[in-house]
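Report on the structure given below.
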There are 2 protein chains.
Amino acid sequence: MTTTATSFELHLGDCLTGMKQLPTSSVDLVVTSPPYNLGTSYSTYIDTLDRADYLEWTRCWAAEIRRVLKPEGSFFLNVGAAPSNPLMPHQILLALVPDLFHLQNTFHWIKSITVDTRDGDEISVGHFKPINSQRFVNDCHEFIYHLTPDGRVPLDRRAVGVAYVHKSNITRWGHTGGQDKRCRGNNWFIPYETIQRRSAERPHPATFPVSLAARCIGITGLPPSEMTMLEPFLGIGHAALAARQTGVAKFIGFEIDEQYFAEAEARLNRTNDS
Amino acid sequence: MTTTATSFELHLGDCLTGMKQLPTSSVDLVVTSPPYNLGTSYSTYIDTLDRADYLEWTRCWAAEIRRVLKPEGSFFLNVGAAPSNPLMPHQILLALVPDLFHLQNTFHWIKSITVDTRDGDEISVGHFKPINSQRFVNDCHEFIYHLTPDGRVPLDRRAVGVAYVHKSNITRWGHTGGQDKRCRGNNWFIPYETIQRRSAERPHPATFPVSLAARCIGITGLPPSEMTMLEPFLGIGHAALAARQTGVAKFIGFEIDEQYFAEAEARLNRTNDS
DNA sequence: AGAGCCGCTGAATCCTTTT
DNA sequence: CAAAAGGATTCAGCGGCTC
């Protein structure tokens, strides 16, 4: 067993009140997925604010994130659409940009896709969740907005890079340092864990995979051992798990729902033992 | 040689003036990619309107599309982002929805992506265009907004469908008709032709592949032989080529730039001969 | 509200081979 | 030849979301 100087603070309570007690410019990284206000059945959260109120509330907690974020910090905001409200991801973005943040990058979380291989055949990857509709196609996509204070935050693209297709590129340019890694681009294929495994373990209806948060941590290029990470909507703690896995020094999370909070704590403790 | 009762009208001139002469509710399908006003070096188009003017102009031509579109017609709007203006796709959308159109579906044109196969290994597909930046990752994505008058236009999802992963599904339900086809979802992987081939042939800086337009034609489920299709920003005529290939009965295109117009005509004629 | 959809699983069934 | 073991195929059912 290794001992690391890490601190994980999980707070049961409203993130808006909680964040107000954090010092200005103290956080390197925020990864979060807010309640969508789309009728998704959250446990206790009052999920029925009307549109304008919802966007106003969004601006409120985002403004707190802006305050606690360091000038070179990054805020990864995960937002998906819903058939009942396909505009929400766009409206949320324009509620925050350009007033509070710059949109430095837009990542696309691809859950399922069919691609043509170089051999010429089509392969489907990821879990395809069917919907029965004459007019809607299945939505296999969510946004990950990369928001920063000035739009000029340096990243380490190759930290979450992929192998070159043509290996000649490894020695072709100096920046590779001999490693077979190039930038991954902004399409992030991250399949869901299978339904059965999910339902057995967790009750949260809208959550992102641990590996998605891990990728956000990685691309910042900051050493996790010196990183302070914040998750205002902890949910069942996937950002916390990613922080633990990658060795993030300080993690602060808020969750207003008791059930989710308990689940997040349980999962984090489970990881501690293993 | 087969004779088909098709009519292809390519007009040299401004689409706004041109569309005003089209009858109301006469068009089944619009597929277009507007000038982005992002500093892309279009030949003669005055590409320096300021933001508000650009969006106002966008509303103008979109309103004409709304007028000429049939109640069950579809408008596929292709918009990409640019590092210099990452908000544009979102602003354009919210300039048109909900005032003029419903956003019925959002398709994502994926040009390049790295996926994990079911075998466990990572493969990269599509042409990856490198950019040299500390803060921006490569953008391998564009939006295709599916806009309709009322959001209730029926589609034929399986017309552009993909094969089942588990073949047991073919006979499991009646709707397949024995065919190995399911809905493709909203992530459309369509790789670019290679740069070399592009630059050799065509001068247009921002255009979508023929196969992208073909997919839009296909998913409407309308018989091409009875379809009227409109492309207000013809460019070098990729929508026209797709219309020709799929047998669209009537195609109307506008292009204000003489060079692009000539190129579009040349390409269409070339296809005629073959 | 009730049916439909599709990846995925695990149990059940069927066919083959070994003892 | 019967019985057991091993392998392959089939099939119901889950889950989430829409009409």
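Atom set for the values below is all heavy atoms of this structure, side chains included, hydrogens, waters and symmetry mates excluded. Being a predicted model, the structure only gives us computed values, none of them experimental. Just so it is clear: chains get the letters A, B, ... in the order the sequence lines come, proteins before strands, and each one is counted from 1.
- Of the candidate nucleotides D:dG15, D:dC19, C:dG7, C:dG7 has the atom lying nearest to any side-chain atom of A:Phe128.
- One can place NZ of A:Lys111 at 9 Å from P of D:dC17, the figure rounded to the nearest angstrom.
- Counting non-hydrogen atoms under 4.0 angstrom, B:Arg172 reaches a base of the nucleic acid.
- Atom-to-atom, CD1 of A:Ile131 to P of D:dG15 comes out at 20 Å; the value is rounded to the nearest Å.
- The distance from atom CG of A:Asp139 to atom P of D:dC17 is 10 Å, rounded to the nearest whole Å.
- For B:Phe189 and B:Trp109, the gap between ring centers reaches or exceeds 6.0 Å.
- Nearer to the 5' terminus of DNA chain C, by closest-nucleotide assignment, is the contact made by B:His175 (compared with the other of A:Gly126 and B:His175).
- At the phosphate of C:dG7, OP1 or OP2 sits under 4.0 Å from a side-chain N or O atom of B:Asn169.
- For the pair B:Ile190/B:Ile110, no side-chain contact is recorded, criterion being any heavy-atom separation below 4.5 Å from C-beta on.
- B:Arg157 comes within 4.0 angstrom of nothing in the nucleic acid, heavy atoms only.
- Nearest nucleotide to the side chain of A:His127, out of C:dC8, C:dC6, C:dG4: C:dC8.
- Summarising the geometry, the separation between CG on A:Asn138 and P on D:dG16 is reported as 15 Å, rounded to the nearest angstrom.
- In this structure, the nucleotide among C:dC8, D:dT18, C:dC6 sitting nearest to the side chain of A:Ser133 is D:dT18.
- Counting only N and O atoms by type, the side chains of B:Ser112 and B:His127 include no donor and acceptor under 3.5 Å apart.
- Both tests do not hold together for A:Arg244 against A:Phe251: distance to the six-membered ring centre under 6.0 Å, angle to the ring axis within 45°.
- Side-chain polar atoms of A:Ser74 and A:His146 form a donor-acceptor pair below 3.5 angstrom.
- Atom NZ in A:Lys129 sits about 13 Å away from atom P in C:dC8, given to the nearest Å.
- Residue B:His166 places no side-chain N or O under 4.0 Å from the OP1 or OP2 atom of C:dG7.
- When the C1' atom of D:dG16 is taken as reference, atom CG of A:Asn132 falls 12 Å away, rounded to whole Å.
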